[in-house]
2 protein chains.
Amino acid sequence: MQNRQAITILAALAQESRLAVYRLLVEHAPEGLAASAIAEKLGLPNATLSFHLKELSHAGLVSSRQSGRFIYYAPVIEAMDELVGYLTDHCCSQSAGTCATAKRKCAPKKRVATAGKRRSGST
Amino acid sequence: MQNRQAITILAALAQESRLAVYRLLVEHAPEGLAASAIAEKLGLPNATLSFHLKELSHAGLVSSRQSGRFIYYAPVIEAMDELVGYLTDHCCSQSAGTCATAKRKCAPKKRVATAGKRRSGST
DNA sequence: TTGATAATTCTATAATCATGGAAATATAGA
DNA sequence: TCTATATTTCCATGATTATAGAATTATCAA
């Protein structure tokens, strides 16, 4: 994961309403929830929620699909997994040896074209 | 970790200069770097760096210690570990069963007064 | 088509955040 | 003490972000 994208995702999560939306969606994964249901559950005005959903969407943290008049939003677990990977890849000092080796994942990794980029300096 | 604190830490990291500072400090853990060294390496004006260091410090991501005329800043790995714990605790759906069980850590966990609070609903 | 509902976009406003020069504070050495 | 260096704080400015009412677009059902 690139620096830039990590910042985008961090910024998307670093806001009370958006974090609440994301966590709510995680509770309702993988189907997700309609925007109206999210707005009602969190007590957010439509326009405000729409703004935040766009941010989350732009960061790749949520996906949406239309079903009739409703648009369902669902969390993209892979994005969170990437973020956690980025953070753990950069949160500890190699020289200090404080990294535990266990690798934590949120979801099975999809094979992408850029496979093998991350954590490349492991030896 | 509380919602509020997670947001504080996420916001602290969600900024280009601050993320760069944090990553630089991680490379130099555990001694850390003097503010002047950070400013030089990243090409940041003193006042700007000081502003960002305060943010990181306030979020609990870095600590500082004075040594002569220098103030050394070092990363607080436990804070990052807490954040990663928070994210993995909330990034996946229990019902969807997409959580891997492996627990990733950045540093050995310090025993604190609130031991056992996190991940309490595991059964 | 009409009416109702779902969601987004438009828009203005307010609030927060980032930047960096200049002044202030703190420490060390002569 | 005086001077140099390290760092922070003060302050003004500009940029970005959050909020939410109103208007708009889209879908469905009859």
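Below, chains carry the letters A, B, ... as their sequence lines are ordered, and counting in each starts from 1. As a basis for the values below, the full set of heavy atoms in this structure was taken, side chains included, without hydrogen atoms, waters or symmetry mates.
- Partners of B:Arg65 according to the side-chain contact (heavy atoms from CB on, under 4.5 Å) rule, which considers only residues two or more places apart in sequence or in another chain, are B:Glu31, B:Tyr72.
- The hydrophobic cluster containing B:Phe51, built from Ile/Leu/Val/Met/Phe/Trp/Tyr side-chain heavy atoms closer than 4.5 Å, comprises no other residue.
- Looking at heavy atoms from C-beta onward, B:Leu25 lies out of side-chain contact with B:Leu61 at the 4.5 angstrom threshold.
- Between the axis at the start and the axis at the end of the helix from C:dT1-D:dA30 to C:dA30-D:dT1 there is an angle of 30°, using five pairs per end and rounding to 10 degrees.
- Pairs passing the side-chain hydrogen bond (donor to acceptor under 3.5 Å, both in side chains) check and including a residue from residues 37-51 of chain B, sequence neighbours excluded, do not occur.
- Residues forming a side-chain contact (heavy atoms from CB on, under 4.5 Å) with B:Ala35 (at least two apart in sequence, or on another chain): B:Leu49, B:Leu53, B:Tyr73.
- A:Leu56 and A:Phe70 are members of different hydrophobic clusters when ILVMFWY side chains are connected at heavy-atom separations under 4.5 Å.
- Of the inter-residue distances, the one linking B:Thr88 atom OG1 with A:Leu83 atom CG reads 11.0 Å to the nearest 0.5 angstrom.
- Heavy atoms only, all atoms of each residue included: B:Ala29 and B:Pro75 are closest at CB-CG, 3.8 Å.
- In the hydrophobic cluster analysis, where Ile, Leu, Val, Met, Phe, Trp and Tyr join through side-chain heavy atoms closer than 4.5 angstrom, A:Val76 is grouped apart from B:Leu87.
- Remark: B:Gln15, B:Arg18 in residues 11-21 of chain B come within less than 4.0 Å of DNA chain C through at least one heavy atom.
- Contact annotation: B:His52 reaches the phosphate of C:dT19 (side-chain N/O to OP1 or OP2, under 4.0 Å).
- You can see that DNA chain D meets the heavy atoms of chain A within a 4.0 Å-exclusive cut from D:dA18 to D:dC28, reading 5' to 3'.
- Not counting sequence neighbours, the partners of B:Ser57 by the side-chain contact (heavy atoms from CB on, under 4.5 Å) test are B:Val62.
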* Structure fact -> Nucleotide by nucleotide, nucleotides 5-16 of chain C touches protein heavy atoms under 4.0 Å in the pattern (B base, S sugar-phosphate only, - none) BSSBB-------
Compile the donor-acceptor pairs under 3.5 Å between side chains in residues 5-18 of chain A and protein atoms, sequence neighbours left out, one pair per line.
from, atom 1, to, atom 2, distance (Å)
A:Thr8, OG1, A:Arg4, O, 3.1
A:Gln15, OE1, A:Ser17, N, 2.9
A:Gln15, OE1, A:Arg18, N, 3.1
A:Arg18, NE, A:Ala12, O, 2.8
A:Arg18, NH1, A:His52, ND1, 3.1
A:Arg18, NH2, A:Ala11, O, 3.2

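- Considering only residues two or more places apart in sequence or on other chains, B:Arg23 meets the side-chain hydrogen bond (donor to acceptor under 3.5 Å, both in side chains) condition with A:Asn3, A:Tyr86, A:His90.
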